[in-house]
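Please read the structure below before turning to the comments.
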Amino acid sequence: MSMDATRHAGLPVDHGDAEAEMDASRDLFGFWVFLMSDAVIFALLFATYGVMLPATAGGPTPASEYKIGPTFLETLVLLTSSLTFGMATVALKHAAQRRALLAWMAVTLALGLLFLGLELHDFADMAAHGAVPARSGFLSAFFGLVPLHGLHVLAGCLWILVMMAQLLIFGPDPRVRINIQRLGLFWHFLDIIWIAIFSTVYLPGLIR
Amino acid sequence: MSAPVWPALLGRFSWDALPFVRAWAHPDANEIIGAGAGGMVVAGALFAVALLTYLGRWRWLWREWITSLDHKKIGIMYVVLAFIMLARALIEANLMRLQQASAINAPGFVAPEHFAELFSTHGSIMIFFMAMPFLTGLMNYLVPLQIGSRDVAFPLVNAIGLWLTAAGAALMMASLVIGRFSTGGWSGYPPYTELAFSPGTGPDYWIWAVTLGSVASTLAGLNIAVTLYKMRCPGMKLMRMPLFCWTSLCTAILMVFAMPPLTVATALLALDRYLGFHFFTNTLGGNMMNYANLFWMFGHPEVYIVILPAFGIYSEVVSTFSGKELYGYISLVIATMAIAVLSFTVWLHHFFTMGQSADINAIFGIATMTIGVPTGVKIYNWIWTMFRGEVRFTTPMLYALAFMMTFVLGGLTGIILAFPPLDYLVHNTLFLVAHFHNMLIPGTLYGLVAAYTFWFPKAFGFRLNEFWGRVAVACWVIGFYLAFMPLYVLGAAGMTRRTQAVHEAAYRPWLYIAEVGAVILFCGLAALIVQLWVSIRDRDANRVPVGDPWDGRTLEWSIAAPPPEYNFAHIPHVERLDAFYHDKRSHAPYAAPPHYSAIEMPRNSRTAPVLGLAGAATGFALVWYMWWLAAVGAVAMVVTVIARSFVRDTERTITAEEIERTERAWLAEVARARPIPREIENSTANQGLAKVHA
Ligand SMILES: [Cu+2]
C-alpha cells in the first residue's frame, strides 16, 4: 500500500507494521477530534470575554491590570517550550536517542512550570489590586478564560511526568510513542491558544 | 430540624433534607408524594441489591456487564438506563397533568415548588438521561455491526461515557431522596438559578448531573465519529454505509461540537454559584444573555442530536419492511448533512422575545424555516421507498408511519413558531410545549422504540411479542394525540407553560383530555413492559438464532443472533450498498470460510466503573458542600486515569479453535433452519433464515 507510506510522513509512527500504523492513525485522529471539541470550549470563552469586556462595573479595567513585560515573557517561555517539545518528537523518531528524548521532555516540563509560576505571580498581583473574579463581569470573564489555559498547561505538565515515567519503565513501546505524539499535539495546541490569548486579551487591553 | 448536621463531614445536610422527615412533620398530599417518590428509589435500590444477592449474581454482573468493554453490552446497558429513566419521567408527566386537571380554581395536591421540580426533572431526564443514553446505546450497538467492524475505535472511552452518564442519572435519583431538585426548568436559566434566588441544592444537582451527562456525550460522539471514519471494513466506502451510520456520523459530529457549549454554560453557572463570579448575575456586570446564547448553541443542535438517529432508524425500517432499496439514498445523505449544518445556525429562535433587533430575528427565523426543506426531502424519500414496495405493517413500520404523519404536523407548527411575530403571540405558552413534544415524541421516542423492537431479536436472539408491540404503538400514538393536541388549543388560548394552578374554567375539558392522553401514554410504557415479560416467557418458541428474521439488508443481519463477542469471524468485504441483501441473492452468504484465526479483543476493565463512582461522589459532594469528599473524588479520578495508562496487558486472545467451535455451531443452526417467506416472519416458524425472494 503506497498511500500508507506517506500517511504519516515525518511522524514517528511504526512504519512497516500495518496494524500498528492503523492503530496510530486512529488514535491520533481521535485526539484531533478531542482537540476540536476543546477548541470549541476556548472559542466560547473568548466570545464571552469579548462580550463582557465593557462590564467592568466601575472596577479594574484591562488597562489598569495588564502588563506587557510579564505577559511577553510568558509568551516567550511557552513558545520555547513548544520548540523543545518539537525536539523531543525528533528524538522520538530515532530509537537510539532515549536520553535526548527524556532531556528534551524535562526541559519542556521546566518551561511549562516556569510559565505557570509567572502566570500565578501575575494573578496574585492582580488580586492584590482588588482585581478578583468576583469584582466584575469583565474580571469573571478574564478569570474564566486565562486560568483555564493555565489549568490545561498544568495537566500537560502532569502528562509529561507520566510519559517520562513510562519511558523509563516501558521504553518507547507503541503506546508510549502514540501518547507522546498526542501529548505533543496537546502542547502545541496550548501554544496556539496562548497566542490567541496574548493577541486578543492582553494586546488590545494594553492599547486601550 | 433544619440546622446542619456535622457540617465538617456532611456539609450543608440537615435532617430536613430527607423527604421522609418532611412528610412526618407536615403530612399533606404534597409531602407524602415526595416521600413516596424517595421511598420508591430507596425500595427499588434495596430490591435490586436483595435480588442480586439472592440469585448470587454479583460476580456475574461485575464480570459480564459492569467491567465489560464490549460495545454491544455497553449499548444494551445504555438502553436499560434509558428505560428506567423513561419510567420516572413519564410518571412525573402524569403527575403534572393530574395536578393541572385538578387545580382549576383550586390548589390541587402538588405545591408550586414541588410542581416546578417536577417539570425541571421531567425535561432534564427526558433529554439527558432518556433520549441521549437511548440513542447513544443504539449507535454503540449498531454502528460497528453495520460497518463490518469488531469494535468501536476506543472501547475504554466508550465504557467511561456509559458510567459517567450513569453517575449523572444517579445524581438525578439521589435528588429524590436527599434534598431538592432545581425549580429552574430543564434549561436552568439564570439569574433565577443563581445563588441569590435559588440558594438550595436544586440548581447544583442540575449542574452536576447535566455536566456529567454532557461530558459523557462528548466522549460518545468522539468515539462514534472516529469509529465511522477509521473502522469501516474493506469496501465500505462512505457512500455505501447504511443510512443509520450516516445519521450516527452526523449526530456524533454534532455531539463533539454542540456538547461543549453546554459544558461551558453549566461550568460558568457553577463558577457563579460557588465562587461568586459574575457571568450571569443581575449585578456587577453579569449578563444572562450570555447564558441564553451558550445554552441554545447546545440546545438547538441537541434537537437534531436526538432526532437524526431516528431518521436513520426509520430509513432502515422502511426499506427493510418495504423490501426495497432506500429511495434517493444520496439525497438522504445530503439532507442529513444539511440538517446537521443548519442546526447550528438557528439557536437564537429560542429567544426571539428577548429584545434583539427585528433584523436579527428575521434572519434567524428564515434560517429556521430552511431546515424544513431537507426534512421534507427525507419524508418524500421514505414515501417513495414504500411506493410499489411489498410493505409489511409490522410494529416498527407502524411507528414509522405514525412518525411521518405526526412529525409533519409538528413541522407545520414549527413554521408558525419560526415566524417571530407569531412567536411573540404564543411565547411561553403551552403551544410551545405541544410543538416540541410533537417533534420529540414521534421524532425520537417512536424511533427509539421502533429500533428497540426491530433490533431486539439481533441483540437477544428472540423476537418480541408482536401483539403487545402493536398495543404499545396504539397507546403511544393515541396517547400522544390526546395529550398534546389539547395543549395547542390551550396555548393558542393563552395558557402559559409551567403553571401549577389554572384560573380559567374554560380550559377544563382540554386539561381533562390531556390528562387522559398522559395516562394512555403511560399505558404505552406498561404495554412495553408486558411485551418484554411475555416475550421472555415465550422466548424458546421465538428464537431466531440464524440472525436474519426480517430479510435484512445490512451487515448486522449476516451474523448470529445474539452476535458473538468478536462480531465477525472474518471481516466482511463489501461491494455495494445493502451488501448482505444482495449477497443473499447472488451467492451463499452462510458458507464456512476455509480457516479461522485468533482474534484480539479488549480485556475487561475496572477503570470506567471506578471513574463513574468517583464522578458521582464528586458531584454529590459538591451539591452538599462536602469539600473533603469532593477533593477525594476528584483526586481519585485523576489517579485512576494515570494508573490505567500504566496497564499494558489490555487485550485477550480468543483462540481460533474457540471461534471455529462457535461458528460451526451457528452454521449448523443455519443448515437446520427452514427459510421463511416474509409473509410469515412473525410466526414461530421464523428461525432467522429469510427466504430469498428474487
Ligand atoms: Cu431550536
Side-chain angles (χ1 to χ4, degrees), chain A residues 19 22-59 132-145 147-148 155 158-159 161-163 165-166 169-170 173-176 179, chain B residues 151-154 157 215 217-219 221-227 229-231 252-253 255-265 267-268 270-272 274-287 289-291 293-294 297-298 344 600 638 641-648 650:
Chain A
E19 201 169 322
M22 197 50 223
D23 287 356
S25 144
R26 180 193 61 208
D27 291 354
L28 289 181
F29 178 67
F31 199 72
W32 271 106
V33 176
F34 162 74
L35 286 181
M36 285 195 278
S37 197
D38 207 21
V40 173
I41 289 185
F42 276 109
L44 294 167
L45 288 172
F46 274 110
T48 307
Y49 176 81
V51 172
M52 301 204 78
L53 201 48
T56 52
V132 290
R135 176 62 189 85
S136 71
F138 152 67
L139 284 165
S140 296
F142 174 86
F143 281 104
L145 171 61
L148 182 70
L158 196 60
W159 195 356
L161 268 177
V162 170
M163 289 325 298
Q166 295 198 356
I169 297 173
F170 304 114
D173 73 358
R175 281 198 49 199
V176 167
N179 277 332
Chain B
D151 210 337
V152 291
F154 305 110
V157 171
V215 170
S217 294
T218 315
L219 295 179
L222 187 159
N223 196 9
I224 297 290
V226 178
T227 303
Y229 276 120
K230 292 286 184 187
M231 309 282 280
I253 295 172
M255 282 176 167
V256 168
F257 288 106
M259 301 318 291
L262 177 65
T263 309
V264 171
L268 299 191
L271 285 175
D272 273 12
Y274 283 83
L275 297 175
F277 280 48
H278 290 283
F279 284 107
F280 315 127
T281 56
N282 278 345
T283 52
L284 291 174
N287 186 349
M289 292 315 294
N290 288 335
Y291 185 89
N293 276 297
L294 288 172
M297 251 179 248
F298 144 77
F344 278 104
E600 302 255 289
V638 175
V641 170
I642 292 178
R644 164 73 192 191
S645 77
F646 280 88
V647 178
R648 279 298 177 274
T650 57

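Keep in mind that this is a model prediction, so the values were computed, not measured. Sequence lines set the chain letters: A, B, ... in the order given, protein chains first and strands last, and positions in each chain run from 1.
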Inset, instruction - Over all heavy atoms of both residues, which pair between R175(A) and R644(B) is shortest? Give the atoms and the distance, please. - result: NH2-O, 4.4 Å
Inset, instruction - Kindly give the heavy-atom pair with the smallest separation between V226(B) and G30(A), and that separation in Å. - result: CG2-CA, 3.6 Å
Legend entry - Heavy-atom proximity to chain A below 4.5 Å, by part of M259(B): neither
Legend entry - Top contributor to chain A interface from A225(B), P261(B), G221(B) [non-hydrogen pairs under 4.5 Å]: P261(B)
Inset, instruction - Under 4.5 Å heavy-atom distance to chain A, tell me which part of V256(B) shows up: side chain, backbone, both or neither. - result: both
Legend entry - Atom pair CG/CZ of L222(B) and F29(A) - distance to nearest 0.5 Å: 9.0 Å
Inset, instruction - Enter the distance from L148(A):CG to L271(B):CG here, rounded to the nearest 0.5 Å. - result: 9.5 Å
Inset, instruction - Below 4.5 Å from any heavy atom of chain B, which atoms of V33(A) appear? Answer side chain, backbone, both or neither. - result: both
Legend entry - F138(A), part contacting chain B, at a heavy-atom distance under 4.5 Å: neither
Inset, instruction - Pick one of side chain, backbone, both or neither for S645(B), based on which atoms fall under 4.5 Å of a heavy atom in chain A. - result: both
Legend entry - Greatest number of heavy atom pairs closer than 4.5 Å to chain B - which of L158(A), V162(A), I169(A): V162(A)
Inset, instruction - Compare every heavy atom of G285(B) with every heavy atom of A57(A), then report the nearest pair and how far apart it is. - result: CB-N, 4.3 Å
Inset, instruction - Kindly compute the distance separating CE (M231(B)) from CZ (R26(A)), expressed to the nearest 0.5 Å. - result: 5.0 Å
Legend entry - Residue selection (most heavy-atom pairs with chain B, distance under 4.5 Å) from P133(A), A43(A), G58(A): P133(A)
Legend entry - Option that, when pairs with chain A are counted at under 4.5 Å, heavy atom only, ranks first among N287(B), T263(B), V157(B), L284(B): L284(B)
Legend entry - Pairwise distance CG(L294(B)) to CG(L45(A)) - rounded to 0.5 angstrom: 8.0 Å
Legend entry - Contact class of S136(A) relative to chain B, heavy atoms under 4.5 angstrom: both
Legend entry - Engaged part of V132(A) at the chain B interface, taking heavy atoms whose separation is under 4.5 Å: neither
Inset, instruction - Can you tell which part of L139(A) gets under 4.5 Å to a heavy atom of chain B, answering side chain, backbone, both or neither? - result: neither
Inset, instruction - Heavy atoms only, distances under 4.5 angstrom: which of Y229(B), F257(B), F646(B) has the most pairs with chain A? Name it, please. - result: F646(B)
Inset, instruction - Just give me the residue among N179(A), V176(A), T56(A), D27(A) that pairs up with chain B most often, heavy atom to heavy atom, under 4.5 Å. - result: D27(A)
Legend entry - Side-chain touch M289(B)/V51(A), heavy atoms, less than 4.5 angstrom: no
Inset, instruction - Below 4.5 Å from any heavy atom of chain B, which atoms of F170(A) appear? Answer side chain, backbone, both or neither. - result: side chain
Legend entry - Contact origin within M297(B) toward chain A - heavy atom pairs under 4.5 Å: side chain
Legend entry - CH2 on W159(A) to CD1 on I642(B), rounded to 0.5 Å: 11.5 Å
Legend entry - Under 3.5 Å: donor-acceptor pair, side chain of S140(A), backbone of H278(B): yes
